[in-house]
Amino acid sequence: MRSLILWTVAPIVLHLTLIFSIFLLLYGHNQPGGGFIAGLMTGVGLVLQWVAFGATEGWRRFQWPWDKILASGLALATGVGFFGMLKGAFLKSSVYEFGLPFVGQVELFSAFLFDVGVYMVVVGVMMMILTNLSDRRASGRRRG
Amino acid sequence: MTAILIAVFFPFLAALAVPLFVRRLRRGAAWIAMAAPLASLYAVFGLHAAWRAGGMKPLHFVLPWLRDANVELAFRVDGLSLMWGFLVAGMGALIVLYSHWYMRHDEALGRYYAFLIAFMGSMLGVVFSDHLIGLFVFWELTSITSYFLIGYWHDREASVYGAQKAMLITGGGGLAMLGGFLLVGQATGEWRISALLAGPGAAGAVSSAAFVLILIGAASKSAQWPFHVWLPNAMEAPTPISAFLHSATMVKAGIFLLMRLYPLLGGHPLWGYAVTALGMTTMIAGGLLSLRANDLKAILAYGTISQLGLIVTFLGYGGETGVIGATLHLYNHAAAKAAMFMAVGIIDHESGTRDIRLLSGLARAMPLTHILTLLAALSLIGVPPLGGFLTKEMLYEASLHPGGPGAWGTFWPWLTLGAGIVTALYHLRFLGGTFWQQGGGRPPKHPHDPPRGMLLAPALLAAGAFLLGVAPGLVEPIAAPAAAATLGGTEPLPLRLALWHGVNLPLLMSMVTLIAGAGLYAGFAKVAPALDAAAALWRRGPGPDKAYDGSLRWARERTWGLLTLLQDGNLRRYLRWTMVAPAAILLLLAPQLPWGEGLFPAYEPAGFLPWLLCPLIAALAFATALFTQRIPAILALGGAGYAISALYLLLKAPDLALTQIMIESASVILFLIVFRSLPELAPGARGAGRKARDWAIALGLGTAAAAVMALAMNGHQVRTIADYFMRTSKPVAGFKNVVNAIIVDYRGYDTLGEITVLAIAGIAIYAMIRLAGEMK
C-alpha cells in the first residue's frame, strides 16, 4: 500500500504494540491480558508491517525462524508441566518470591512461564502462516 | 530419585540437545551422543549401589503424574530391572561407539543419534517402570522411536515399508497389552506392578482374556510367531540399529514383560502350554527361515527370532531352571548377536555386499573379524566352553524337568533337541558361507579387516560371550538377583553354574546336537533342494506375511471409499458439512435438553448501548452475506466482530473483548493479504434451489447456536461456577485475573492441548502452502 502516513506510523506502532503486548503478558495474572492476547497483539503489530510495506519487504524484514520460536514455545510450556511433576502433579503451579534491585519484591509464577510458552506459540503460528502465505504470493507474482 | 531420573530421562533431554551439537562437530558427533548412555550407565551403577546398600530390597520411586486418574510415574529398582538397565545402557554405549565408525560418512547424524538415544531412554523407562500405564507409555515410545530408526533412510521404499510394518505390528500388540492391563487393573483396583505381584493370590487376578491380550503384546514385540514378520523387514535400518534392536532392546521388551509379570502370569493355567508352544514354534520356524535366507542380515534376523523363541521356551518351562536359563541366555544372546551384527556391518562395509552367495573365504581376508564372529556364533550353537553351552545344557535340563505346570511329558525334549540342531545348522551355514568356503562368489570390493576402532565394540562383546562360559561366576552377582526377582523373591538364587555337570542326559543331548548339526551341515548341499521345494510349497499357502499385506490393502481400500465420500477437495462442501452436522445434532437433541424455566431468561442490559449494538451486529452479518465482492464482505465481517467486542466490554469481559479485537484485526488483514489468490465469487451461478439450501443451513445453525446460548444462560450453574472461580483464583492459582487463571492453571491441560493443536495446525498450513507452491 503506497501511503506515506502508513509508512511513517507503522514502525512506531510496532514498537508500541510490542511494549503493550509485553505489558499484557506480564500483567495477565492480575489484569486483563495473558499469553494468548499478548501473542495476538504482537502478531497484529507485525501484520501491520505487511500491510504498510508489502509482502516482499515484510518478508525480508521479518524472516525470523518462526518455526523454531513456535517449537521452543511448545517445549517451554511442556517443560513447565514436567517441572510441576516435581512439585506434585503435571502442570502444578508454584510461586517464587524474590527481591530485585530498583523493582522491589517480585513474584514469579511457574504459570507465567507457561504463559510465555503460549505467547511464543501464538506469535509463531501467526507469523509462520503469514510469512508463508505472503511469500507464495510474492513468488507467484514474480513468476507470473 | 535423582539417579532414576538421570537414567530414564537424561537420554530424552540429550536427544533434544544432540542435534544442536552435531552440525558443528560432524566427526565427533558420536562422542557427544555417548554422553547419554554413559550417564544412564553411571546412574544404573548408582542405583545398583543404593540397592545393595539397602540389603537388596526393591527400591521404589514415585513421581505423581495424573493424580486424579490414579496414574503415576512409578519406578522400581530390583534385581531384574537393574540387570536390564545394565544391559540396555551398556549396549547403548557400545552401539554408539560402533556407530562412530560405521555412520561417519552419513548425513543427518543428528537425527540418527537423537532417535537412538531417545529409543534407549524409552527402553530404560520400560524396564524400570512400576506402573502399568507408565510401562505402556514407554513401551509405545520404543515402538515410535524404532519406527524412526528403522525408517532412517526414508527415501528408500523398503525402509519405509519395514518401519511401518514394525510400528503397526508392535504398536498394535501394545494396544492389546494395554487392554490386558486395563482388565487386570479393573479387576484388582491396583496399578502398581510391585503391588500386583505381591498381592495375595496374584496369579488368580488375571483372567484368561487379560492373559491372552498381554501375551499378544509380548509376542508381537518379541517377534514371536506369527508376529515375527516385522523383524526381517526391520533389517532395512542401518546395521548398528539392527544390532541394538536385536541384542538388548525392542525385541527383548516382550521377554522383559514376561519376566516382570512372571509371578502374575506364570500361575495362569494357560502359561505352560501357550508360552512354551509359542516359543517352540518360533524357535523352529525362525531357524528354518534362516536357512533359506541369503542376506547375512536376514540370516541373523531369523536367527534372532529363533533365539527369542528359545528364551520364551525357557520361560514357558518355568521353574528355577527355566528362569535362570532365560536370564543367562539373555546375556549370551545380547552379546553374541550384537557382535555378529556388528561383524556383518563390517563385512558389508569392507566387501560391499551382504549376500552370502557372493562371499567366500573371508577367514583369510578378514582374520580378526572371523575370530570374533566365530566366538559369538559358536557360543549360540552351544559349543563348550562358551557361554551358550551352559544355557543350552539348562534348556535341555528344563525340557526334561519343566518347573511350571502344563508340561506335555516326553514330547518337549525331542522338540527341544530338534530346535537345537536347527540352531547349530543355521549358524554353521552363516559361518561356512561367509568365512570358510573357498571360491564361491566374488564380492564387489576387495575385503580386508576394518580400522581397529570399528572392531573394538564387537571384540568386547565376543570376549563377553567367551567369559560367560569360562568364568560364569562373573555375571552371578547381576544374574542371580535378576532370576530371583523374576520368580518374585528378593533372596538371590544360587545359580550353580559350572561347565562340567558330570555325564547326564543334557550333556548327551548337547553332544547329539553338535554331531547332528555338523553332519547336516556337511550334507547341506543335498538337503538344500528339499528345503527349497518345501519353501516354495509353503509360500503358496497363506502366511502371516500375506495376511499383513492383505489386511493393509483391505483397510486402505475401505478407508479410501470413506475418504472420498467426505473429503472430495471441495472447500465449500467441507464448510457445509461442518455447519450442518452440529446444527442437525443440536436440533435433533433439542426436545431432550433441560429447558427449565423458559427460553429467554431475565436479562437486564447495561444501559441503552447494547440495544444499539445488537441490531448493528445483525445488520453487518446480513451485509456480509449479501455483498457480492470480497473486500466489502470482509470489512463488514470485521465490523460485526468489532461490534461484538464492544458488547463484551459493556458486559464486563475485557479479556474477551481484547481477544476479539485482536482476532478481528488479524483475520481481516490476513484475509486482505490472501484474497487476491482466491477465486472470484460467483453469485450469479447459484440457482434458486441452492440459495434456499444455503438459507436453510444458515438459519438452522443460527437457531442451534442461539439455543445453546439460551440454555447456557438458563439455570443457576453459571453463578455457582463463577463464584467458585472468583473465590479460589487468588489462593489456588495465585492469580487475580480469573480468565487467565482458568487458562493457565485450572485448565492448563486444555491450554497445553490447544497450543499443541495450534502448533500442529501452523505446521500443517506451512506444509500445505509449500506443497501448493511446488505443485504450481
Side-chain angles (χ1 to χ4, degrees), chain A residues 24 27-37 39-41 43-44 47-48 50-51 55 66-67 70-71 73-75 77-78 80-82 84-86 88-95 107 109 111-112 114-115 117-118 121-122 124-126 128-130 132-137 139-140 143, chain B residues 1 5 9 16 63-68 71-73 653-659 661-666 668-670 672-674 676-677 729-730 732-737 739-741 743-745 748-749 751-752 754-756 758-763 765-770 772-773 776:
Chain A
L24 282 177
Y27 265 68
H29 52 273
N30 289 330
Q31 298 292 322
F36 192 72
I37 301 181
L40 283 173
M41 178 65 86
V44 169
V47 165
L48 186 66
W50 257 253
V51 178
W66 297 113
D67 49 347
L70 165 77
L74 198 55
T78 318
V80 172
F82 278 111
M85 281 177 69
L86 300 179
F90 190 77
L91 271 176
K92 180 158 181 65
S93 64
S94 35
V95 186
E107 283 182 323
F109 296 87
F112 170 72
F114 183 77
D115 230 9
V118 174
V121 170
V122 172
V125 168
M126 274 186 79
M128 220 165 94
I129 296 172
L130 180 73
N132 284 293
L133 276 178
S134 60
D135 175 41
R136 177 183 160 224
R137 204 171 67 99
S139 61
R143 263 187 243 131
Chain B
M1 190 68 173
L5 286 179
F9 291 106
L16 291 175
L63 272 178
W65 186 10
L66 304 172
R67 225 172 4 191
D68 297 339
V71 174
E72 58 203 3
L73 275 182
D655 273 283
L656 280 184
L658 206 51
T659 311
I661 291 175
M662 292 296 128
I663 294 274
E664 285 308 327
S665 314
V668 166
I669 297 173
L670 277 176
L672 290 175
I673 283 177
V674 297
R676 279 192 212 181
S677 6
S729 85
K730 182 69 185 169
V732 171
F735 282 27
K736 274 193 226 130
N737 177 4
V739 175
N740 214 31
I743 291 178
V744 300
D745 196 289
Y749 263 122
T751 309
L752 189 61
E754 276 159 19
I755 59 172
T756 311
L758 196 63
I760 293 170
I763 293 164
I765 293 173
Y766 171 82
M768 245 157 48
I769 296 170
R770 290 280 129 174
K776 252 204 261 180

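FYI, side chains are in, hydrogens and waters are out, and symmetry mates aren't considered; it's all heavy atoms of this structure. Letters A, B, ... are given to chains in the order of the sequence lines, protein chains preceding strands, and every chain is numbered from 1.
Both the backbone and the side chain of B/Ile755 come within less than 4.5 Å of a heavy atom of chain A.
Side-chain contact between B/Thr659 and A/Phe36 is present, with heavy atoms from C-beta onward closer than 4.5 Å. By the 4.5 Å heavy-atom criterion applied to side chains, B/Ile763 and A/Asp67 are not counted as neighbours.
Residue A/Leu70 holds its CG atom at 7.5 Å from CG of B/Leu758, rounded to the nearest 0.5 Å. Note that CE of B/Met662 is 7.5 Å distant from CG of A/Leu24, once rounded to the nearest 0.5 Å. Rounding to the nearest 0.5 Å gives a distance of 4.5 Å between OG1 of B/Thr756 and CG of A/Leu74.
Nearest heavy-atom pair, B/Gly762 versus A/Met128, reported as atom, atom and distance to 0.1 Å: O-CE, 3.5 Å. Annotation for B/Leu752 and A/Ala77: closest pair CD1-CB, 3.8 Å, computed over non-hydrogen atoms.
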